[in-house]
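Right, one structure below, let's go through it.
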Amino acid sequence: MAELHGNDAFIDTDKLIFGIGQVQQITGVSGRQLRYWEEQGYIKSISQKKGAAREYSMHTLFFIFHVTRFLDDGFTLQAAVDKAKKFDRQLPVLRQFLRSQLKGVDFQDDQSVIDFGYVDAEHKQRIYGIVKNGETSFKIENVD
DNA sequence: TTTCTGACA
DNA sequence: TGTCAGAA
């Protein structure tokens, strides 16, 4: 039987392929830079053979995007790549945690309430994430 | 037309 | 890194 909520239930983002021209348009990184970064081993394109046009997976596209953000923050290319890699490692952990802990989101008049479920095994307290006026906070409530 | 590699006022 | 050339 098929699992409805596994990773498989979503689009395999690595099957979304982008040409170097598209990557340039989306990330603003020049083709010259992309080839140089690849030459330096910072990024990789899908099976780059001889003079064939480069293709990038969506994962790589995201990676490139993150590198540019760190470059904009003033980091060197090497440092930006390192930070992007670190960020890359955090994503699956964050996704797993959120996927298992997120119970639902309630949209109220002045705020949004994220239900993270019970805090304790006894189910005496429930924790919520509050998003209000552009700010976030936690709230723990006792369960009746 | 787009991309590739190599080179450099 | 940009840019130009010559080829695919």
Side-chain angles (χ1 to χ4, degrees), chain A residues 1-121 123 125-141 143:
Chain A
M1 48 212 100
E3 255 296 335
L4 284 179
H5 293 295
N7 288 310
D8 330 304
F10 298 103
I11 292 175
D12 183 351
T13 54
D14 277 335
K15 286 187 178 178
L16 294 179
I17 307 302
F18 300 87
I20 196 170
Q22 294 176 296
V23 174
Q24 288 186 74
Q25 290 180 38
I26 297 171
T27 67
V29 179
S30 70
R32 175 72 173 82
Q33 285 176 294
L34 292 171
R35 296 186 186 99
Y36 175 71
W37 293 3
E38 181 179 312
E39 185 184 330
Q40 297 302 307
Y42 294 138
I43 61 174
K44 61 177 182 180
S45 56
I46 300 173
S47 63
Q48 60 280 14
K49 298 176 180 178
K50 344 176 179 183
R54 290 172 174 71
E55 294 182 320
Y56 302 90
S57 68
M58 191 162 101
H59 175 265
T60 300
L61 177 65
F62 263 71
F63 183 82
I64 293 169
F65 176 72
H66 286 132
V67 170
T68 66
R69 296 202 65 252
F70 291 125
L71 284 177
D72 289 340
D73 286 339
F75 292 97
T76 63
L77 178 57
Q78 176 68 69
V81 169
D82 288 340
K83 293 181 75 69
K85 284 183 177 178
K86 192 166 297 181
F87 186 81
D88 244 23
R89 291 177 54 204
Q90 298 177 341
L91 277 180
V93 177
L94 295 172
R95 298 187 64 156
Q96 180 188 343
F97 186 86
L98 206 54
R99 193 152 51 222
S100 62
Q101 291 299 132
L102 179 62
K103 307 308 177 186
V105 179
D106 184 27
F107 298 102
Q108 301 177 357
D109 294 330
D110 58 335
Q111 64 182 13
S112 294
V113 180
I114 306 169
D115 184 1
F116 286 114
Y118 296 106
V119 179
D120 52 336
H123 292 189
Q125 293 183 309
R126 208 171 176 87
I127 184 170
Y128 299 93
I130 308 299
V131 179
K132 184 177 182 179
N133 299 325
E135 296 191 352
T136 61
S137 61
F138 283 114
K139 182 174 71 177
I140 295 179
E141 286 188 347
V143 177

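Letters A, B, ... mirror the listed sequences (proteins, then strands); counts begin at 1.
Here dG6(B) presents its C1' atom at 19 Å from NZ of Lys50(A), a figure rounded to the nearest Å. Residue Leu34(A) contributes atom CG, which lies 10 Å from atom P of dG2(C) at whole-angstrom precision. Atom OH in Tyr42(A) sits about 10 Å away from atom P in dT1(C), given to the nearest Å. One interatomic measurement links the two molecules: CD of Gln24(A) to P of dT3(C), which rounds to 12 Å at whole-angstrom precision. Regarding Leu71(A), its CG atom lies at a distance of 7 Å from the P atom of dT1(C), rounded to whole Å. Atom OH in Tyr56(A) sits roughly 17 Å away from atom P in dT2(B) (whole-Å rounding). The CZ-C1' distance, from Arg54(A) to dT5(B), rounds to 9 Å in whole Å. Atom CD of Glu38(A) and atom P of dG6(B) are 12 Å apart (whole Å).
In this structure, dG2(C) forms a base pair with dC8(B), meeting either the Watson-Crick or the G-U wobble geometry with both donor-acceptor distances under 3.5 Å. Using the Watson-Crick or G-U wobble rule with both distances under 3.5 Å, dA8(C) pairs with dT2(B).
In the displayed structure, Phe97(A) atom CZ is contacted under 6.0 Å by at most 12 heavy atoms of other residues, nucleotides or ligands. In the displayed structure, Gln108(A) atom CD is contacted under 6.0 Å by more than 12 heavy atoms of other residues, nucleotides or ligands.
For the atom pair CD1 of Ile140(A) and CZ of Phe116(A), the computed distance is 12.0 Å after rounding to the nearest 0.5 Å.
Residues Gln24(A) and Leu34(A) form a side-chain contact, since some pair of their non-hydrogen atoms from C-beta on lies under 4.5 Å apart.
The side chain of Ser30(A) lies closest to dG2(C) when the candidates are dT3(B), dC4(B), dG2(C).
Among the protein residues, Arg35(A) comes within range of the nucleic acid bases, having at least one heavy atom under 4.0 Å from a base atom.
A sub-4.0 Å separation between OP1 or OP2 of dT3(C) and a side-chain N or O of Arg32(A) is absent.
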